[in-house]
Amino acid sequence: MMDIVEELRVAVGRRHVLTGDTETRRFRNGYRYGGGAAVAVVRPGTLVEMWQVLQACHRAGMVIIMQAANTGLTGGSTPVPEGYDRPVVVINTLRLRRLDLVAGGRQVVTHPGVTLDQLEKTLRPIGREPHSVIGSSCIGASVTGGVCNNSGGALIRRGPAFTQFALYARVDADGALKLVNNLGISLGEAPEDILRRLDEGTFDETDIVEASNLHASDHEYCDHVRDISAATPARFNADPRRLYEASGSAGKLAVFALRLDTFAAEEETQVFYIGSNDPAELESIRRDILGGFENLPIAGEYMHRSAYDASSRYGKDLFVYIQRFGTDKVPLAFSLKSRFDGLTEKLGLGGAISDRILQAIFDRMPNHLPRRMNDYRDRYEHHLLLKMGDAGIDEARAYLSDRFPSASGDYFECDEKEGKAALLNRFSVGGAIVRYRAVHPKTVEDIVALDIALPRNTLDWFERLPPEIAEKIDFTMYCGHFFCHVLHQEYLVKKGEDCDAIKHDILSLLKERGAEYPAEHNVGHLYEAAQSLREFYRELDPSNTFNPGIGKTSLNLDWREPGHFTEQAATP
């Protein structure tokens with residue numbers, strides 16, 4: 001393997017090819033899942049370098065795993081611990097941060113390392129916003145990762161991350177590595193010329209090719225989500241209406257650049273905090289707003305009291321860190337934490353020492369959440385964070401003031417500090433559940449994390465587990481993007497219980513309710529891909545070179561099933 005490592009070092013420089021277990025740990029281990037071996041982690045600094053790395057890996061017959069911020073929750077950008085028939089190289093793209101505004105800022109061309117946070121800050125001075133400004137942006141997620149992984153986004157009007165304009169590399173049915181320019185920008189013919197022009201930004205509006213039948217966002221979603229009588233979900237991972245080349249590709253392509261729409265920012269926003277002890281009351285609000293409001297909300301985020309409790313305690317350090325240093329510093333914090341955990345693992349002390357230290361410190365700190373939010377936590381089981389903009393503010397204010405207080409619920413208008421705290425507390429939940437597992441190893445076996453989409457016409461949306469399943473769960477958390485009926489349901493399974501069996505039983509119940517899963521986190525290595533999704537992956541990557549095994553598919557060359565002999569598999 002030294003030949004390929006040296007070739008990679010020539011392409012990107014020695015310091016950007018990582019090979020040791022400790023220094024590659026944060027790239028091989030996902031946020032919740034992963035930990036497989038890799039010959040190297042390569043960090044190209046230009047698109048031309050990324051092309052050279054792909055060529056070297058292709059010649060050497062390597063498994064190629066493309067990775068950006070590595071913030072996914074299902075292991076979709078990290079190697080699995082075992083089962084490949086070829087060695088693995090991880091290509092991390094976070095150094096590729098070039099971002100170009102086109103069409104007066106109404107669109108952008110993003111390189112694969114551009115983060116949502118970076119894009120948001122670039123667009124803010126011109127009054128525009130990216131597809132997502134809350135949620136994944138809180139943990140440093142990349143724009144390209146969102147598009148490739150069907151990320152849904154919390155913003156109701158904008159729907160799932162989607163574009164039909166992309167520049168990518170693939171290995172075709174003849175086994176040849178090809179660069180495909182469907183970016184809608186004339187950049188030349190030779191791959192190196194195309195990529196060099198993008199690296200240097202030497203293109204202008206005259207190079208953009210108009211294509212009236214193609215779109216750089218899900219322009220239909222605002223009407224699609226309003227159809228509250230539909231018996232299908234508003235959005236889900238395997239929805240064929242939004243699988244197109246890079247969009248939904250889940251690492252089966254090597255994406256170099258995307259062209260995406262941006263959106264006009266509201267001049268004024270207001271967060272309304274709604275509490276209720278009756279889930280039917282929240283569903284009634286959802287249906288009234290989607291079916292009758294002139295102005296769609298910006299966001300409508302649900303939290304069960306259990307999610308509030310988990311986030312307020314186990315997500316406190318993330319909340320405080322983001323509040324003080326901003327979202328752009330989160331990747332650095334994760335990197336330092338991973339290095340520390342790698343060192344403690346190497347010393348035989350375990351890999352969750354940092355979590356226990358941080359939790360011990362922040363458990364001793366005073367409550368960080370606003371008083372009115374904590375009061376609603378005590379009074380109400382179900383919480384809905386409704387964010388409206390411009391004309392929608394008065395529309396929601398009139399509706400809510402007429403409806404509340406009710407027999408089971410009430411609301412208040414957040415001031416600026418409360419509104420920011422409410423949304424940040426909601427989006428600290430994911431990390432909080434990981435922390436809960438880390439600090440309760442004696443009582444928790446593992447996390448069963450489900451990401452589901454209920455049909456748009458569902459009325460009885462809140463889950464009540466049967467006793468024979470509930471008794472096996474130590475802690476259950478519910479939150480989600482309520483107006484899309486996308487829910488994140490996470491179960492911390494009691495020590496000694498069978499997580500796979502519990503997951504199977506819960507998914508069976510969800511299937512009976514017409515749910516699709518996963519909704520927005522990609523299948524990763526935790527969900528089985530639907531047949532339509534498997535076919536999409538095989539069409540993109542006939543040789544199974546990129547990210548093999550995704551969606552519990554074959555890990556082997558040419559999609560062979562385990563047990564089939566290949567010459568490469570026998571090569572030492």
Side-chain angles (χ1 to χ4, degrees), residues 11-13 15-16 41-55 66-71 77 91-126 128-133 136-137 140-148 161 163 165-169 179-188 190-209 216-217 245-247 249 251 253-262 327-332:
V12 304
R15 67 188 293 255
H16 297 300
V41 174
V42 192
R43 305 181 70 228
T46 67
L47 298 182
V48 171
E49 287 184 1
M50 179 171 152
W51 175 246
Q52 293 169 345
V53 168
L54 286 171
Q55 289 177 307
M66 302 301 303
Q67 178 190 94
N70 194 18
T71 59
S77 59
I91 302 176
N92 182 277
T93 63
L94 274 188
R95 293 179 64 216
L96 304 172
R97 302 290 293 271
R98 185 177 180 94
L99 170 63
D100 292 288
L101 303 182
V102 296
R106 295 188 303 278
Q107 289 188 337
V108 293
V109 175
T110 68
H111 290 207
V114 172
T115 63
L116 284 167
D117 181 79
Q118 176 190 351
L119 180 54
E120 182 181 354
K121 289 178 178 176
T122 301
L123 293 174
R124 189 177 295 149
I126 61 171
R128 308 288 294 182
E129 290 181 341
H131 164 266
S132 180
V133 295
S136 295
S137 56
S142 71
V143 175
T144 297
V147 171
C148 293
T163 185
F165 296 102
L167 174 71
Y168 58 87
L179 186 71
V180 181
N181 182 11
N182 287 342
L183 198 59
I185 303 176
S186 296
L187 296 165
E192 290 80 2
D193 293 338
I194 292 171
L195 298 173
R196 190 173 294 108
R197 286 188 66 185
L198 283 174
D199 277 328
E200 297 170 354
T202 53
F203 64 91
D204 57 32
E205 303 294 327
T206 63
D207 295 311
I208 296 178
V209 180
S217 64
E245 296 182 348
S247 294
S249 58
L253 301 172
V255 178
F256 286 83
L258 298 171
R259 188 170 136 210
L260 294 154
D261 286 336
T262 68
T327 55
D328 57 331
K329 297 294 190 297
V330 171
L332 173 62

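Residue numbers count from 1 along this sequence.
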Exercise for the section: Report yes if some heavy atom in the side chain of Thr122 is under 4.5 Å from a heavy atom in the side chain of Val108; otherwise report no. Expected result: no

Completion exercise
In terms of heavy-atom contacts, Ser186 and Val209 come closest through OG-CG2, 3.6 Å

Handout entry: Residues Asp117 and Thr115: side-chain donor-acceptor under 3.5 angstrom
Key = no

Practice task
Would you check if Thr46 and Gln52 make a side-chain contact, meaning some heavy-atom pair closer than 4.5 Å?
Solution key: no

Problem - Rounded distance [0.5 Å steps], CD1 in Ile91 versus CD in Glu49 - result: 12.0 Å

Practice task
Supply the atom-to-atom distance Gln107 CD to Arg259 CZ, rounded to the nearest 0.5 angstrom.
Solution key: 4.5 Å

Problem - Over all atoms of both residues, closest heavy-atom pair of Leu47 and Asp199 - result: N-OD1, 2.8 Å

Handout entry: Interatomic spacing from CG in Asn92 to OG in Ser77 - rounded to 0.5 Å
Key = 9.0 Å

Problem - Step-by-step side-chain contact (heavy atoms from CB on, under 4.5 Å) determination, Leu195 to Leu167 - result: CA-CA 9 Å; Leu195 298 173; Leu167 174 71; 3.8 Å; yes

Handout entry: Nearest non-hydrogen partners of Met50 and Val255, listed with the distance
Key = CE-O, 3.5 Å

Problem - From CD (Glu129) to CD (Glu120), nearest 0.5 Å - result: 6.5 Å

Problem - Heavy-atom closest contact (Val12 atom, Pro44 atom, distance) - result: CG1-CA, 3.8 Å

Handout entry: Criterion side-chain contact (heavy atoms from CB on, under 4.5 Å) on Leu198 and Arg98, from CA distance to verdict
Key = CA-CA 9 Å; Leu198 283 174; Arg98 185 177 180 94; over 6 Å; no

Handout entry: Asp193/Arg196 salt bridge by N-O under 4.0 Å criterion
Key = yes

Problem - Rounded distance [0.5 Å steps], CG in Leu258 versus CZ in Phe165 - result: 11.5 Å

Fill in the blank from the handout: Closest non-hydrogen contact found for Ser217 with Asp261 is OG-OD2, 2.7 Å

Practice task
Apply the test side-chain contact (heavy atoms from CB on, under 4.5 Å) to residues Phe203 and Leu183: give CA-CA distance (whole Å), side-chain angles for both, the deciding distance (0.1 Å), then the verdict.
Solution key: CA-CA 12 Å; Phe203 64 91; Leu183 198 59; over 6 Å; no

Practice task
Before giving the answer on side-chain contact (heavy atoms from CB on, under 4.5 Å), spell out for Leu260 and His131 the whole-Å C-alpha distance, their side-chain angles and the decisive distance to 0.1 Å.
Solution key: CA-CA 9 Å; Leu260 294 154; His131 164 266; over 6 Å; no

Problem - Distance-minimising heavy-atom pair for Gly45 and Leu96 - result: C-CD2, 3.3 Å

Problem - From Ser142 atom OG to Asn70 atom CG, the distance as rounded to the nearest 0.5 Å - result: 10.0 Å

Exercise for the section: Could you check if a side-chain atom of Asp207 sits within less than 4.5 angstrom of a side-chain atom of Arg197, using non-hydrogen atoms only? Expected result: yes

Exercise for the section: Without swapping roles, check the side chain of Ser247 against the backbone of Thr163 for a donor-acceptor pair under 3.5 Å. Expected result: yes

